[in-house]
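All heavy atoms count here, side chains included; hydrogens, waters and symmetry mates do not. Just so we're on the same page: letters track the sequence lines, and every chain starts at 1. What you see is a predicted model, and the numbers here were worked out from it, not measured in a lab.
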Protein chains: 2
Amino acid sequence: MPNNQFKKGELYSFITGKASTAIARRLQKKFNAANLNLTIEQWSVLYHLWKQDGISQQELCNATFRDKPSITRLVDNLEKLKLVKRVSSKEDRRMNMIFLTNEARKMEEASMELAEETLNEALEKVPADQVEVCKQVLQIVYDNLR
Amino acid sequence: MPNNQFKKGELYSFITGKASTAIARRLQKKFNAANLNLTIEQWSVLYHLWKQDGISQQELCNATFRDKPSITRLVDNLEKLKLVKRVSSKEDRRMNMIFLTNEARKMEEASMELAEETLNEALEKVPADQVEVCKQVLQIVYDNLR
DNA sequence: GGCATATAGTTAGTTAAACAACTAATCAAA
DNA sequence: TTTGATTAGTTGTTTAACTAACTATATGCC
């Protein structure tokens, strides 16, 4: 029984993701306090667009680990906020290429600073090598379940 | 700078909790396949009630790390499913004590088995000592942000 | 007793996730 | 070239999270 690492009563927080929920809530509060009118989910889409925009909604699905309806609605809301624009592709008219507006580009620096700040608060007093192990475990978990 | 453990580009999955999302989705699929008509959130409430029922909604808030409106609605839906009952306390009439029905008690064993199964799949190929480190890190993160 | 304050829970409104069913465009193969 | 399958994206429905505003009960203090 090589993998019975969880006895009853220990599995709750692993499944419910208490830690990542707490991180997301803290970051959301920082956004609100800084008058960054963004949800964490919207930020997670912009995060990938800041690295490269002009990608399709399907590529955003893969990058953000969300399904297509979720991305449709997130892009809807980001468009309402005038942070992105849908441009239908000329090569394949099924596809929408998603582009950032200048407004959205301006938000990158401030929001990324708040994200790093949040993670540093979250990881206070955790030795770097343990953080590394934790990251690796979470990556394996993700790969195991895909 | 003792805590700058995250360079840009590494923080995304920590914040978005990709791993715990994947675990929850896998467990939900197992519930559906087993005709357990339960959401993961409903299960997370039952999880605490199986340990002890007859507790207040506020105690459920603390146990499940949710706010009061969330618990109100979860209890609403669990009541519709006839899995719990609200009984207003005689000592303090503001409080609802939440009790399991027999129906709900019957679901404990099967659902907990599926939860353990899910975690074992998630943690396949992860050495037990690394799982331990990961759990400790996530606990510290949670404590740091409370 | 009466008033302020705190606590328990509910309601309303917005955003998002999951799933199923759908449209439209593309591609592949007979 | 037309038919069938695949891919990209949208829409509808249910469940849930978060905030703010609300009701009702309890408590503490004068």
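Comparing Glu91(A) and Arg73(A) along DNA chain C, the residue whose closest nucleotide (by nearest heavy atom) sits nearer the 5' end is Arg73(A). If you find the closest nucleotide of DNA chain D to Asp76(A) and to Asp92(A), the one lying nearer the 5' end belongs to Asp92(A).
A salt bridge does not link Lys85(A) to Asp53(A): none of the charged nitrogens lies less than 4.0 Å from a carboxylate oxygen. Residues Arg73(A) and Asp76(A) are not paired through a salt bridge, judged by the lack of any N-O separation under 4.0 Å between the basic side chain and the carboxylate.
Scanning all heavy atoms of the two residues, the minimum distance from Lys18(B) to Phe65(A) falls at O-CE2, 4.0 Å. For the residue pair Thr21(A) and Thr16(A), the shortest heavy atom distance occurs at OG1-O, 3.9 Å. Across all non-hydrogen atoms, the minimal contact from Trp50(B) to Arg105(B) is NE1-CA, 4.0 Å. Nearest heavy atoms, Glu124(B) versus Ile140(A): O-CG2, 4.0 Å. Taking each heavy atom of Glu117(A) and Lys30(A) in turn, the nearest pair found is OE2-NZ, 2.8 Å. Counting all heavy atoms, side chain and backbone alike, Val141(A) lies closest to Ala19(B) at CG1-CB, 4.0 Å.
The separation between Leu46(B) atom CG and dT15(D) atom C1' is 15 Å, rounded to whole Å.
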Given the rule in the side-chain contact (heavy atoms from CB on, under 4.5 Å) test, do Arg86(B) and Gln57(B) qualify, once you have shown the distances and angles that lead to the verdict? CA-CA 9 Å; Arg86(B) 284 176 167 97; Gln57(B) 295 189 196; 3.0 Å; yes
Report the C-alpha separation of Gln42(A) and Asn77(A) in whole Å, then their side-chain angles, then the decisive distance to 0.1 Å, and conclude whether the side-chain contact (heavy atoms from CB on, under 4.5 Å) test is met. CA-CA 8 Å; Gln42(A) 291 164 356; Asn77(A) 285 332; 3.9 Å; yes
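For the residue pair Arg94(B) and Ser88(B), no side-chain donor N or O sits within less than 3.5 Å of a side-chain acceptor on the partner.
Near DNA chain D, defined here as any heavy-atom distance below 4.0 Å, the residues from residues 21-44 of chain B are Thr39(B), Glu41(B), Gln42(B), listed numerically. Contacts of residues 55-71 of chain A with DNA chain D (heavy atom under 4.0 Å): Ser56(A), Gln57(A), Gln58(A), Lys68(A), Pro69(A).
Contact between the side-chain N/O atoms of Arg93(B) and the OP1/OP2 oxygens of dT7(C) is not found at any separation under 4.0 Å. At dT10(C), one or more side-chain N or O atoms of Arg86(B) fall inside 4.0 Å of OP1 or OP2 (strictly under the cut-off).
Taking the screw axis at each terminus of the helix from dG1(C)-dC30(D) to dA30(C)-dT1(D) from five consecutive base pairs, the angle between the two is 10° to within rounding of 10 degrees.
Nucleic acid contact class of Asn77(B) (heavy atoms, under 4.0 Å, all strands): sugar-phosphate only. Across all strands shown, Asn96(B) has heavy atoms under 4.0 Å from sugar-phosphate atoms exclusively, and none from any base.
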